Amino acid sequence: MTEYWKSQARKYCEFCKCWFADNKVSISFHENGKRHKENVQKHISQLSKKSAKEFKQKEKIDDDIKKMEAAAMAAYLKDVKNNADLTSQCINEILSQSGSSEATVVVANMPTSKAPPSWEEVKSEDGSSYYWNTLTNETTWDAPDEYISIAEQEKNKLKEESQEKKKQKIKKQQQKQAQKDVHMEVNAHIAREKMRELAVKKDPEPPKKFFDYGPAPRASKPYGSWTPVVNQPVENVDLQLPKIEKELPPPPVVMQPEIIQFKEKRVESLGDEPVEFKKRKFNNPKRNMRQKTDDE
Ligand SMILES: [Zn+2]
């Protein structure tokens with residue numbers, strides 16, 4: 001009877017940090033145990049605490065980043081105001097051209113806290129005014145808390161018109177500039193063409209002599225003019241090789257290798273005598289033994 005040791009499969013509990021046998025009974029026994037349940041609860045509460053902490057940290061970081069960005073923007077605007085570098089000079093130039101001040105830029109960069117009222121005052125045919133919601137298309141006779149009166153609407157209209165005019169003016173200027181650019185480009189092109197013509201005209205003139213020393217100036221065509229290549233028929237050249245008068249030697253006789261044919265011999269029987277096998281002798285002292293020689 002063979003004796004052997006077999007290792008039992010074991011299971012590890014991550015919550016309790018302990019080992020137990022890996023079978024249904026002991027697993028259920030462990031998982032229903034008071035200690036295991038407590039440990040699992042502890043683990044879950046730790047996890048939720050951890051995630052809450054992380055969330056808070058993230059929120060704080062986001063807030064800090066927002067603050068930093070706001071501070072950076074403020075500092076940058078200050079720099080722009082002081083004409084610190086080329087970029088800010090450019091920005092100021094653009095702002096002065098478009099007619100808006102840096103305040104509008106600040107407003108544009110900051111999130112708008114208050115939307116304009118969506119109610120507008122409208123005059124009906126009989127002269128009384130009612131109110132129209134531009135978003136929901138509602139109408140009412142009662143004045144809402146906030147609305148744009150007719151006077152304000154006219155003001156806004158004027159403002160928009162002036163802005164539109166400004167925009168058109170800028171557009172016109174840009175178009176003019178573009179036309180100017182095209183004109184300049186065309187002029188430059190014409191000038192270049194003229195220069196090229198002049199250069200071509202100048203080419204055949206002989207180069208001026210500046211120095212008396214050095215090699216003589218090269219002729220314009222030192223190797224003569226080009227001539228077309230004509231294909232001429234090639235003559236058969238007599239190479240005066242010795243004439244062959246001897247007869248050619250006969251072609252060598254190819255000897256076929258002799259094919260050896262073996263005779264077949266069949267062994268019909270092993271003879272009349274009975275077949276015997278020699279037995280091997282064990283414990284033969286003569287085998288594998290060093291033989292004595294005469295020298296010793
Ligand atoms: Zn456990």
Side-chain angles (χ1 to χ4, degrees), residues 1-92 94-95 98 100-120 131-140 142-148 152 156 163 280 282-283 288:
M1 193 179 156
T2 322
E3 278 184 42
Y4 63 93
W5 180 82
K6 189 175 174 276
S7 71
Q8 296 285 316
R10 311 211 83 194
K11 212 171 150 67
Y12 185 72
C13 179
E14 285 286 341
F15 304 110
C16 310
K17 310 258 184 274
C18 67
W19 290 92
F20 49 90
D22 187 11
N23 56 54
K24 266 186 186 172
V25 177
S26 48
I27 288 168
S28 70
F29 181 76
H30 178 86
E31 285 179 352
N32 289 321
K34 197 184 165 195
R35 193 165 69 105
H36 177 80
K37 280 179 180 169
E38 276 175 6
N39 282 332
V40 169
Q41 275 298 321
K42 216 166 126 190
H43 189 76
I44 288 166
S45 67
Q46 272 178 355
L47 270 184
S48 59
K49 261 186 203 165
K50 208 177 160 191
S51 63
K53 214 175 170 185
E54 275 174 6
F55 182 74
K56 261 186 193 168
Q57 272 184 344
K58 210 187 159 198
E59 236 179 8
K60 206 186 166 236
I61 287 166
D62 283 353
D63 199 42
D64 285 350
I65 286 169
K66 266 182 198 164
K67 272 183 194 164
M68 277 159 76
E69 276 176 351
M73 194 66 206
Y76 180 63
L77 285 171
K78 209 175 162 190
D79 277 358
V80 168
K81 212 176 171 185
N82 293 335
N83 259 353
D85 59 356
L86 208 67
T87 318
S88 49
Q89 281 172 20
C90 276
I91 289 169
N92 282 334
I94 290 162
L95 287 177
S98 62
S100 61
S101 62
E102 46 136 351
T104 52
V105 177
V106 176
V107 168
N109 280 321
M110 296 294 168
T112 46
S113 55
K114 208 170 149 192
S118 51
W119 291 96
E120 282 182 8
Y131 303 93
W132 169 52
N133 191 319
T134 52
L135 296 177
T136 58
N137 232 5
E138 279 177 273
T139 49
T140 176
D142 307 316
D145 294 338
E146 284 183 69
Y147 64 90
I148 303 165
E152 278 173 334
N156 285 346
Q163 275 182 354
R280 190 182 164 193
F282 289 101
N283 300 324
N288 296 327

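Both ligands and their constituent atoms are indexed starting at 1 by order of listing. Residue numbers start at 1 and run along the sequence shown. Atoms considered below: every heavy atom in the structure, side chains included; atoms not considered: hydrogens, waters and symmetry mates. What you see is a predicted model, and the numbers here were worked out from it, not measured in a lab.
Going from atom CZ of R35 over to atom CZ of F15 covers 13.0 Å, rounded to the nearest 0.5 Å.
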Hey, can you pull the donor-acceptor pairs under 3.5 Å for the side chains in residues 57-65, sequence neighbours left out?
none

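In this structure the side chain of W132 reaches within 4.5 angstrom of the side chain of N137, judged on heavy atoms.
Other residues, nucleotides and ligands contribute more than 12 heavy atoms inside 6.0 Å of the OH atom of Y12. Counting heavy-atom neighbours within 6.0 Å of Q41 CD, excluding the residue itself, gives a total of 12 or less.
Protein N, O or S atom count below 2.8 Å of the Zn ion (ligand 1): the structure gives 4.
The aromatic rings of F20 and H30 sit parallel, their planes meeting at an angle under 30°, below the 60° perpendicular limit.
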